[in-house]
Amino acid sequence: MRVIIRDSARDCSSWVAGYVAYRIKKAAPTAKKPFVLGLPTGSTSLGIYKELIKLYQQKRVSFEHIVTFNMDEYVGLSPEDKNSYHYFMSENFFSYINIHPKNIHILNGMTKDYAAECENYEKTIKAYGGIDLMLGGVGSDGHIAFNEPFSSLNSRTRIKTLAPSTIKDNSRFFDNDIRKVPTQALTIGVGTIMDADEVIITATGSGKAEAIRQGIEGCVNHIWTITALQQHPHGIIVCDREAAAKLSPATVEYFQGIENRLS
Ligand code: GLP
């Protein structure tokens, strides 16, 4: 695992966006061999999308041959609903870049057949040869995508009931009213995330400090699903000082020492 610690949330966003642009450039994608990106939603991702839009406007990255798969979507919210992840992605990222709409994939939370929708999502990812680079955030309870505590670390795309902690955290987008937050979501599994060639999880703010401590220093377990990243051959955690606050000084020194030698 690689751990990047930056002073601020903004620094984390520009590191991740720069890395995405570098990866895309290195892959030199074409229509026949596109670069496949896994994408998150949530406030942490907002800064990353802003930086990526900037890089696109500066012509330092193109999304012409990029295929995307979003991690999750609430059950029962239509793409027009302001709280749906379809809406979030269009408003905050897709409408500003040169991505082809046919290359965008987001789970349909309005489907009548959840099992078929999820199975088809997995099949489509496979048909593209898998995800090259998966970006993600983490919940305060350590969840990645909507893989809530006690999710199987081998889980695939499926319908999931949201944990009370997630409903509480996400109620800030729903007028702070937990009754308005959907109770279920469609989400890619921990196993789906682990299949990606490379995974970057970004965490900022003190609310994520325990999740980051568990993810880096804890044992692999299904309560803090972020810990699955320890088993990934190319996992990267990017966090700011606040999110890194619960790491032991020795851990911070170790990872910073490596990064200093790399730069
Ligand atoms: C939601 C999403 C996750 C995201 C998490 C943290 O629950 N399903 O993918 O990582 O929120 O979001 P934020 O960045 O807003 O803290």
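Only heavy atoms go into these numbers, but all of them, side chains included; no hydrogens, no water, no symmetry mates. In each ligand, atom 1 is the first atom listed, and ligand 1 is the first ligand listed.
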What protein heavy atom lies closest to atom 8 (N) of ligand 1? Include the residue and the distance to one decimal. Asp72 OD2, 2.9 Å
A student checking ligand 1 against Tyr85 at a 4.0 Å heavy-atom cut-off should list atoms 1 (C), 2 (C), 8 (N)
For Asn170, atoms of ligand 1 separated by under 4.0 Å from a heavy atom: 1 (C), 7 (O)
Value rounded to 0.5 Å, distance of NZ in Lys168 from OG in Ser140: 8.0 Å
Any N/O of Lys208 closer than 3.5 Å to an N/O of ligand 1? yes
Quick one: do Asp132 and Arg23 satisfy salt bridge (Lys or Arg N to Asp or Glu O under 4.0 Å)? Show the steps, please. CA-CA 9 Å; Asp132 293 305; Arg23 273 288 180 228; over 6 Å; no
Side-chain H-bond candidate by donor/acceptor type, Ser13 with Glu51, under 3.5 Å: no
Under 3.5 Å side-chain donor-acceptor pair for Ser62 and Asn98: yes
Return the closest protein heavy atom for atom 4 (C) of ligand 1 as residue, atom name and distance. Thr41 O, 4.1 Å
Value for CZ (Phe88) from CD (Glu73), rounded to nearest 0.5 Å, stands at 11.5 Å
the protein heavy atom lying closest to atom 6 (C) of ligand 1 turns out to be Val138 O, 3.5 Å
Minimum heavy-atom distance between Phe35 and Pro29, given as atom pair plus value: N-CB, 3.6 Å
Between Tyr74 and ligand 1, which part of the residue brings a heavy atom under 4.0 Å of the ligand: side chain, backbone, both or neither? neither
With a 3.5 Å distance limit and no angle check, can you tell me whether Glu242 reaches the backbone of Ala209 through a side-chain donor-acceptor pair? no
Which protein heavy atom lies closest to atom 12 (O) of ligand 1, and at what distance to 0.1 Å? Gly42 CA, 4.0 Å
Can you report which non-hydrogen protein atom sits closest to atom 7 (O) of ligand 1, along with the distance? His143 NE2, 2.8 Å
Check: of Pro40, Ala9, Gly137, Ser43, min heavy-atom distance to atom 15 (O) of ligand 1 comes from Ser43
When you check the side-chain N and O atoms of Ser165 and Asp141, is any donor under 3.5 Å from an acceptor? yes
Less than 3.5 Å between some nitrogen or oxygen of Gly139 and one of ligand 1, yes or no? no
Find the distance between CG (Asn103) and NE2 (His105) and round it off to the nearest 0.5 Å. 7.0 Å
Return yes or no for this condition: an N or O of Arg172 is under 3.5 Å from an N or O of ligand 1. yes
Looking only at heavy atoms, is any part of Thr44 under 4.0 Å from ligand 1, and if so is it the side chain, the backbone, or both, or is it neither? both
Are any of the N/O atoms on Ala145, whether in the backbone or the side chain, positioned under 3.5 angstrom from an N/O atom of ligand 1? yes
